[in-house]
Amino acid sequence: MPISVRHVVEALEQLGGEGDISAILQKVLEIAPPPHSRNARNIIRGRLYEHASETTSYAGGADLFESVDGVAARKGRWRLKRDPLSADNPDAVLDGAEVEIEAQEGRTRLRVHLTRERSRKLIERFKASLTSFACEACGIDMEAIYGPLGAGYIEAHHRTPVAALEPGQTTRLADLAAVCANCHRIIHRNGLMSVEDLAAHLRARRGWPIAAEPGAPEWKGPDDG
């Protein structure tokens, strides 16, 4: 699979939001399915420049990265941009229970675990709106496995990757899906397959009572034809 900007974003997320080219390369090679290009380092550098407004390669769209020392310094250290919708900017999220809840995303500092809440209030409201904490893909409720330790545990998955959003685009509660950590990782590991495709794949393999239409075919990846 070609190295995409999503792989670079996820690599920096796992590095805590910042890293040099060598560290980013190592993480991307762990994330992106093989085979890997011999020019992986240059491809990653290209993705960084294409999505950093301070470079001459930036042509608009998602402004995701910035050079730590400045591009002119050529030190190769990059970071994800600070999230204007983070907890220290509470006015960026709509308030009020009667309105359509949405928030701008996509030009932000994106981290998987520490700030998967790219808009923390949006994620909190999404989880508060749930009537079930069962994974929408595999159907497992962590409370059924771990008891009180797993009660209410679920992750919010963006059906449209945040890295793919254009500046000004918004994410609604309906654009999020409730998935367990395992299914979340599998979705991102396999070309951002849909929640419904993963559910169908699991149904075909195990017959679990999951969120797939009866008789749905097993999911085939991009290399399966």
Side-chain angles (χ1 to χ4, degrees), residues 1 4-14 17 27 30-33 62 64 80 83 85-87 93 100-146 150-166 169-206 208-213 216 218-222:
M1 174 183 291
S4 68
V5 65
R6 177 180 61 80
H7 295 134
V8 180
V9 168
E10 189 168 348
L12 279 168
E13 288 171 343
Q14 293 189 17
K27 280 295 180 184
E30 294 174 3
I31 295 166
L64 302 174
L80 291 163
D83 186 354
L85 302 176
S86 61
V93 182
E100 180 69 26
I101 301 171
E102 55 184 31
Q104 291 188 358
E105 296 189 315
R107 16 166 216 170
T108 64
R109 180 166 186 158
L110 318 176
R111 298 186 198 141
V112 170
H113 257 107
L114 296 180
T115 54
R116 180 166 287 282
E117 308 99 337
R118 267 92 63 174
S119 170
R120 183 171 300 170
K121 286 188 177 181
L122 183 69
I123 301 300
E124 289 175 350
R125 291 186 181 209
F126 170 70
K127 292 182 178 181
S129 72
L130 297 175
T131 57
S132 168
F133 289 96
C135 174
E136 292 183 33
C138 70
I140 292 175
D141 187 325
M142 290 298 153
E143 185 174 11
I145 299 175
Y146 297 101
Y153 177 74
I154 201 71
E155 294 188 359
H157 166 65
H158 289 71
R159 295 180 181 274
T160 299
V162 173
L165 297 178
E166 296 294 332
Q169 270 190 273
T170 59
T171 299
R172 303 168 300 161
L173 297 187
D175 298 323
L176 303 174
V179 295
C180 68
N182 282 350
C183 288
H184 205 173
R185 177 58 60 188
I186 292 297
I187 287 169
H188 281 266
R189 187 173 183 268
N190 290 276
L192 282 172
M193 63 191 302
S194 72
V195 175
E196 292 73 22
D197 279 344
L198 179 56
H201 175 74
L202 291 173
R203 178 184 291 278
R205 289 183 58 83
R206 299 292 297 272
W208 288 347
I210 53 183
E213 292 295 328
E218 182 173 358
W219 181 78
K220 294 184 180 295

(request) Could you tell me the separation between the CZ atom of Arg125 and the CG atom of Leu176, rounded to the nearest 0.5 Å? (result) 13.0 Å
(message) Once rounded to the nearest 0.5 Å, what's the spacing between atom CD of Glu30 and atom CD of Gln14?
(response) 7.0 Å
(request) Kindly compute the distance separating OG (Ser194) from CD (Glu136), expressed to the nearest 0.5 Å. (result) 11.0 Å
(message) Taking Glu196 first and then Arg159, would you say they form a salt bridge - that is, a charged N and a carboxylate O separated by under 4.0 Å?
(response) yes
(request) Quick one: pull up OG in Ser132 and CD1 in Ile154 and give me the separation to the nearest 0.5 Å. (result) 8.0 Å
(message) To the closest 0.5 Å, what do you measure between CG (Leu202) and SG (Cys183)?
(response) 5.5 Å
(message) What's the separation between atom NE2 in His7 and atom CD1 in Ile31, rounded to the nearest 0.5 Å?
(response) 7.5 Å
Under 3.5 Å, which donor-acceptor pairs link side chains of residues 138-145 to any protein atom two or more places apart or in another chain?
{"residue": "Asp141", "atom": "OD1", "partner": "Glu143", "partner atom": "N", "Å": "2.9"}

(message) Does this structure show an ion pair linking Glu124 with Lys121, if we count only N-O contacts that are shorter than 4.0 Å?
(response) no
(message) Does this structure show an ion pair linking Glu13 with Lys27, if we count only N-O contacts that are shorter than 4.0 Å?
(response) no
(message) For Phe126 versus Ser129, what's the shortest heavy-atom pair and its separation?
(response) O-OG, 2.6 Å
(request) Indicate the atoms forming the closest heavy-atom contact of His158 with Ile123, along with that distance. (result) CE1-CD1, 4.2 Å
(message) I'd like to know if the side chain of Glu155 reaches the main chain of Ala181, judged simply by a donor and an acceptor atom lying under 3.5 Å from each other, with no hydrogens or angles considered.
(response) no
